[in-house]
Amino acid sequence: QENNSGNKNMTMAGSRRCYGTPHRARGSFVPPYLLLLTLLSLLSIIPLADSRLHTANASSQCSLTEQEFTNDPAIQTMDFDLGYGPQEFHAYVQPDVSEFYREPSGSRTRKNPIHKGWAAKFVNMSTQRIRLFWDPADGRGGSPMSIMGPFNSAGTASFPGHQFYITLANDENVVLARFVMKPPQAVYYYDAITVDGDADATQSNLDALTHDQFESYQEHVDSRAFAKQYFEFTGREYLAIYPRNAPSHKIWRADHFDQEHWVTTRETHFVSVPKDEELGGVEKVGSQRVLKDGEPRLLQQYRNPEPMLNMTLKVLSCAPRAFEIDNFLSETEVNHILYLATGMNLHRSSTAGDSTRDAQRDSTKSTRTSQNTWVYREKDTIVDTIYRRAADLLRIDEALLRPRSAEEYPHMSSSRSLAEALQLVHYDPGQEYTAHHDFGYADFSRKDQPARFATLLLYLNEGMEGGETEFPRWQNAETRKGLLATPKIGKAVLFYSQLPDGNMDDWSHHAALPVRVGEKWLMNLWVWDPEYT
């Protein structure tokens, strides 16, 4: 995102819950909530028979086969045991940095980035509503960050030595716990149930829990144990709650720097703006909006006459996975978006046939100058086309990026789009957005843990000084400085907030650097996985 405004076993003995660490063999008792999750996971496989699931338009093509998307070489089998017997997990293990240069492992050494921040997550392992504060540690009062319900989580980007504390939500004078950020630890737990060194007090707290509270607490206990083993295997903190499924959408591979992928789409560029009466808002709903393979694209007469548009993704960074796509938008489309959001034309298109239309629009400039404006897919056909093109780029069915009919993906819990509205962001000199993550932490009641999955940045102008998109912690062997993506009209930058194993990607830390001279305009498109909440 850029704008300037992420042991155990307990058994029942009569009415008494017992807390211990017995080792169970494979195939022995599994807690009911795990059985339920397993059943739901198996049931979710059924809709995979729908050949359109998570695929782009059937007429589009790409440089990776289905198998190459699925068989990510960075996925390794991790053996772990939570006390229920041996289990396996397909974990993402970041390759040695030398491989990003197509060189033998160990031939290069990773540079430690100048930026020392990282994701900090706080987990409420209690039945109380609590409030999280950042502590300036200078005698002043803390700054409230968020309220966490029972067994919920919250997070922010932080730095070594930063301090936080937790109070009751309804009484800020009762401090329950304090935390000091110490890398590489990213996840901090407030556990009000287990009392270290006092088994009787722990048992008493367990006995006071309701059945549902006990199950919620046990899930966190298991997740905490899993995270410890995950860190030992991968070297990364586990920022999700175990178990979280791998993303249901495809993730483009980033095996080495400058690697290129290509994908074609029938959603070709608009080269002139249709008349207002033709453009209009999108009135069709649900499956009525599906375009069949033999049908022309919407308002084809205003588009580039070529039947297909080739989009080339070039790897900027392997960790995080970030790509640039030149000419994702035409200048006509850029001007149209800016006009919709602000009433302004910032650049004149050199495309034949646009000048008269632009002059008409300049005469009706609006005074809307808000720094954040939302543009919805249904606004008009050009915006709808941008979503369809983005779906092809991401290899996702366009139906998932709009409200759907009942017969479209009936297995999903909601018919909502997985994509947020396009967000237009404007920066004046001196404005910035410091390093942050786009992912967040779902409400504990959502066992599928929906979160932002991919971010597509669309640049709408160029030529300013500053204003680059920075990935300050990208993994490389040449510099400690951040990776900079320079704005260019029509260019897109794609990066993922999730790893192929379902964990959040802490390296996806990114910033909008200050504009020094001029101004900056861009759009964010966020896509969620597995659903949008």
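In this chain, numbering begins with 1 at the start of the sequence shown.
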Apply ring pair (Phe, Tyr, Trp, His ring centres under 6.0 Å) to F328 and Y459, showing your working.
CA-CA 9 Å; F328 180 82; Y459 296 102; over 10 Å; no
Counting the benzene-type ring for Trp, do F471 and F495 have ring centres under 6.0 Å apart?
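Here the rings of F495 and F471 have centres that are less than 6.0 Å from each other.
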Quick one, [X] and [Y] - any side-chain contact, counting heavy atoms below 4.5 Å?
{"X": "Y441", "Y": "K121", "result": "yes"}
{"X": "Q76", "Y": "H90", "result": "no"}
{"X": "M78", "Y": "Y230", "result": "yes"}
{"X": "R129", "Y": "I147", "result": "yes"}
{"X": "L499", "Y": "R236", "result": "yes"}
{"X": "R395", "Y": "V263", "result": "yes"}
{"X": "E531", "Y": "W528", "result": "no"}
{"X": "N524", "Y": "L422", "result": "no"}

Considering all heavy atoms of both residues, which atom of [X] and which atom of [Y] are nearest to each other, and what is their separation?
{"X": "G286", "Y": "S405", "result": "CA-OG, 3.2 Å"}
{"X": "R452", "Y": "E420", "result": "NE-OE2, 2.8 Å"}
{"X": "Q498", "Y": "D529", "result": "NE2-O, 3.6 Å"}
{"X": "E407", "Y": "S287", "result": "OE2-OG, 2.7 Å"}
{"X": "G440", "Y": "A451", "result": "O-CB, 4.0 Å"}
{"X": "Q259", "Y": "H261", "result": "NE2-CE1, 3.5 Å"}

From [X] [atom1] over to [Y] [atom2], what is the distance, rounded to the nearest 0.5 angstrom?
{"X": "I489", "Y": "D326", "atom1": "CD1", "atom2": "CG", "result": "12.0 Å"}
{"X": "L309", "Y": "R297", "atom1": "CG", "atom2": "CZ", "result": "12.5 Å"}
{"X": "L494", "Y": "L456", "atom1": "CG", "atom2": "CG", "result": "6.0 Å"}
{"X": "C62", "Y": "N310", "atom1": "SG", "atom2": "CG", "result": "11.0 Å"}
{"X": "L458", "Y": "I337", "atom1": "CG", "atom2": "CD1", "result": "6.5 Å"}
{"X": "L299", "Y": "T381", "atom1": "CG", "atom2": "OG1", "result": "4.5 Å"}

Given R377, R303, E333, the one that forms side-chain hydrogen bond (donor to acceptor under 3.5 Å, both in side chains) with T385
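Only one option passes, and that is R303.
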Taking D222 as the fixed residue, which of Q218, H220, R224 is the one that meets the side-chain hydrogen bond (donor to acceptor under 3.5 Å, both in side chains) rule?
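Exactly one pass, corresponding to Q218.
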With a 3.5 Å distance limit and no angle check, can you tell me whether [X] reaches the backbone of [Y] through a side-chain donor-acceptor pair?
{"X": "D501", "Y": "Y92", "result": "yes"}
{"X": "S417", "Y": "L401", "result": "yes"}
{"X": "Q431", "Y": "D428", "result": "yes"}
{"X": "D505", "Y": "P320", "result": "no"}
{"X": "N124", "Y": "R131", "result": "no"}
{"X": "Q213", "Y": "T210", "result": "yes"}
{"X": "E470", "Y": "L513", "result": "no"}
{"X": "S223", "Y": "E219", "result": "no"}
{"X": "N461", "Y": "E519", "result": "yes"}
{"X": "R244", "Y": "Q449", "result": "yes"}

For D72 and I251, run side chain to side chain contact (heavy atoms under 4.5 Å, CB included): C-alpha distance rounded to whole Å, both residues' side-chain angles, the deciding distance at 0.1 Å, then the answer.
CA-CA 9 Å; D72 194 306; I251 296 181; 5.7 Å; no
Please determine whether salt bridge (charged side-chain N to carboxylate O under 4.0 Å, His left out) holds for the pair R253 and E68, giving the CA-CA distance in whole Å, both sets of side-chain angles, and the decisive distance to 0.1 Å.
CA-CA 9 Å; R253 285 171 49 176; E68 287 173 318; 5.3 Å; no
Take the angle between the ring planes of [X] and [Y] and call it parallel below 30°, perpendicular above 60°, tilted in between.
{"X": "H437", "Y": "F439", "result": "tilted"}
{"X": "W526", "Y": "W374", "result": "tilted"}
{"X": "F226", "Y": "Y242", "result": "parallel"}
{"X": "H426", "Y": "W521", "result": "tilted"}
{"X": "F151", "Y": "F444", "result": "tilted"}

Check this for me: Q67, atom CD, are more than 12 non-hydrogen atoms of other residues, nucleotides or ligands nearer than 6.0 Å?
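12 or below, so no.
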E283, CD atom: more than 12 neighbouring heavy atoms under 6.0 Å
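No, the 6.0 Å shell around CD holds no more than 12 heavy atoms from other groups.
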Residue pairs, two or more places apart or on separate chains, that pass side-chain hydrogen bond (donor to acceptor under 3.5 Å, both in side chains) and touch residues 487-497
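Residue pairs passing side-chain hydrogen bond (donor to acceptor under 3.5 Å, both in side chains), neighbours aside: E324-K491.
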Evaluate the criterion side chain to side chain contact (heavy atoms under 4.5 Å, CB included) for residue pair R266 and D392; output intermediate values, then yes/no.
CA-CA 9 Å; R266 292 183 64 199; D392 281 345; 5.9 Å; no
Qualifying residues under salt bridge (Lys or Arg N to Asp or Glu O under 4.0 Å), relative to D506, sequence neighbours excluded:
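With sequence neighbours excluded, D506 shows a salt bridge (Lys or Arg N to Asp or Glu O under 4.0 Å) to R473, given in chain and number order.
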Walk me through it: do H436 and H509 pass the test ring pair (Phe, Tyr, Trp, His ring centres under 6.0 Å)?
CA-CA 5 Å; H436 60 284; H509 224 159; 7.8 Å; no
Pair V187-L239, side chain to side chain contact (heavy atoms under 4.5 Å, CB included): steps then yes or no
CA-CA 7 Å; V187 185; L239 295 171; 3.9 Å; yes
Ring pair (Phe, Tyr, Trp, His ring centres under 6.0 Å) partners for W507, two or more places apart
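With sequence neighbours excluded, W507 shows a ring pair (Phe, Tyr, Trp, His ring centres under 6.0 Å) to no residue whatsoever.
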Full working for side chain to side chain contact (heavy atoms under 4.5 Å, CB included) between F453 and S248
CA-CA 10 Å; F453 162 74; S248 51; over 6 Å; no
Which one of R389, R402, R289 satisfies the side chain to side chain contact (heavy atoms under 4.5 Å, CB included) criterion with D384?
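Of R389, R402, R289, side chain to side chain contact (heavy atoms under 4.5 Å, CB included) with D384 is met by R289 alone.
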